[in-house]
Amino acid sequence: MKDYPNRISKDDYFMLIAEVVSKRSTCIKRHVGAVLVKDSHIISTGYNGAPSGFNHCTEETCVRKNLKSGERPELCRGVHAEINCIIQAALHGTSIKGETTLYSTTFPCMNCLKLLINSGIHRLVYKEGYAMENKVKEDLLKESKLIILKHDKNNKI
């Protein structure tokens with residue numbers, strides 16, 4: 001196989017796609033994109049926003065607009081990008097268990113993290129951290145078999 005020195009890695013490629021997907025987000029506070037990949041093929045994408053068919057959030061309707069990042073997440077009516085990725089795969093009957101990687105522009109919140117672990121996703125590659133860090137989350141990560149990699153600012157892992 002010929003070597004192409006300027007060719008980006010698969011992780012860089014899929015993270016760039018996650019960044020493009022995030023541009024579809026309808027959240028007024030944070031735009032998050034996610035891409036679910038199995039055997040080097042995209043099986044689904046997701047971004048955060050109101051449930052399908054619902055009105056999008058606005059400056060006037062967002063009940064969390066004046067709260068800190070990660071504060072009172074239960075008030076948000078939006079569906080997270082990671083959950084939308086899992087839902088899209090399920091709606092199309094595609095198994096995500098096994099050698100599956102989720103690329104996300106933001107590290108998952110506690111609820112999304114539990115869903116990723118329980119759904120059998122093998123690997124998580126994320127770009128940015130998330131403010132809601134705690135001991136329970138740390139312990140959950142240590143006990144899980146989820147492989148986690150941070151993608152740095154230069155699009156390299």
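Numbering starts at 1 and runs along the sequence shown.
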Under the side chain to side chain contact (heavy atoms under 4.5 Å, CB included) rule, collect the residues that match up with Cys27, sequence neighbours excluded. Ser25, Lys29, Asn48
What distance do Tyr13 atom OH and Arg7 atom CZ have between them, rounded to the nearest 0.5 Å? 9.5 Å
Spacing of NE2 belonging to His122 relative to CD belonging to Glu99, to within rounding of 0.5 Å: 4.0 Å
Can you tell which of Cys112, Cys85, Ser119 makes a side-chain contact (heavy atoms from CB on, under 4.5 Å) with Leu102? Cys85
Return the CG to CG distance between Leu16 and Asp11, rounded to the nearest 0.5 Å. 11.0 Å
Rounded to the nearest 0.5 Å, the CG atom of Asn118 sits from the CG atom of Leu146 at a distance of 12.0 Å
Can you list every ring-ring contact (aromatic ring centres under 6.0 Å, His included) pair that touches residues 45-92, not counting sequence neighbours? none
When you measure from the side chain of Thr105 to the backbone N and O of Ala18, does any donor-acceptor pair fall under 3.5 Å? no
Co-membership, hydrophobic cluster, residues Ile83 and Ile148, 4.5 Å side-chain: yes
Could you pull out all residues at least two apart from Asn84 that satisfy side chain to side chain donor-acceptor pair (under 3.5 Å)? none
Side-chain heavy atoms under 4.5 angstrom apart, residues restricted to Ile, Leu, Val, Met, Phe, Trp, Tyr: same cluster for Ile121 and Ile87? yes
Please examine the side chains of Met110 and Leu140, heavy atoms only from C-beta on, and report whether any two atoms are closer than 4.5 Å. yes
Which residues share a side chain to side chain donor-acceptor pair (under 3.5 Å) with Thr61, sequence neighbours left out: Thr58
Spacing of CG belonging to Leu113 relative to OG belonging to Ser144, to within rounding of 0.5 Å: 6.5 Å
Provide the closest heavy-atom pair for Ser104 versus Val32 in the form atom of the first, atom of the second, distance. OG-CG1, 3.9 Å
Which residues share a side chain to side chain donor-acceptor pair (under 3.5 Å) with Glu143, sequence neighbours left out: none
Less than 4.5 Å apart, side chain to side chain, heavy atoms only: is that true for Tyr126 and Lys150? yes
Starting from Val63 and following side-chain heavy-atom contacts under 4.5 Å between hydrophobic residues (I, L, V, M, F, W, Y), which residues can be reached? Leu67, Leu75
What about Met15 and Val20, same hydrophobic cluster or not, with Ile/Leu/Val/Met/Phe/Trp/Tyr joined at side-chain heavy-atom distances under 4.5 Å? no
Side-chain donor-acceptor pairs of residues 34-41 under 3.5 Å, sequence neighbours excluded:
unit_1: Lys38; atom_1: NZ; unit_2: Ser95; atom_2: O; d: 3.4
unit_1: Lys38; atom_1: NZ; unit_2: Lys97; atom_2: O; d: 3.2
unit_1: Ser40; atom_1: OG; unit_2: Lys10; atom_2: NZ; d: 2.9

Testing the basics here: between Thr26 and Ala50, what is the closest heavy-atom pair and its distance to 0.1 Å? OG1-N, 3.6 Å
Identify, with sequence neighbours excluded, every residue that meets side chain to side chain contact (heavy atoms under 4.5 Å, CB included) alongside Ile28. Glu59, Cys62, Lys65
Side chain to side chain donor-acceptor pair (under 3.5 Å) involving Asp139 - partner list, sequence neighbours excluded: Lys135
Measuring from atom CD1 of Ile43 to atom CD1 of Ile96, what distance do you get when rounded to the nearest 0.5 angstrom? 6.5 Å
Could you tell me whether the side chain of Thr94 reaches within less than 4.5 Å of the side chain of Ser44, counting heavy atoms only? no
With sequence neighbours excluded, give me every salt bridge (charged side-chain N to carboxylate O under 4.0 Å, His left out) pair touching residues 72-89. Arg72-Glu74
Using the side-chain contact (heavy atoms from CB on, under 4.5 Å) rule, take Leu116 and Ile86 through it: C-alpha gap first, then chi angles, then the decisive distance, then the call. CA-CA 8 Å; Leu116 295 178; Ile86 293 170; 4.0 Å; yes
Tell me the closest heavy-atom pair linking Ile42 and Phe14, and the distance in Å. CG1-CE2, 3.7 Å
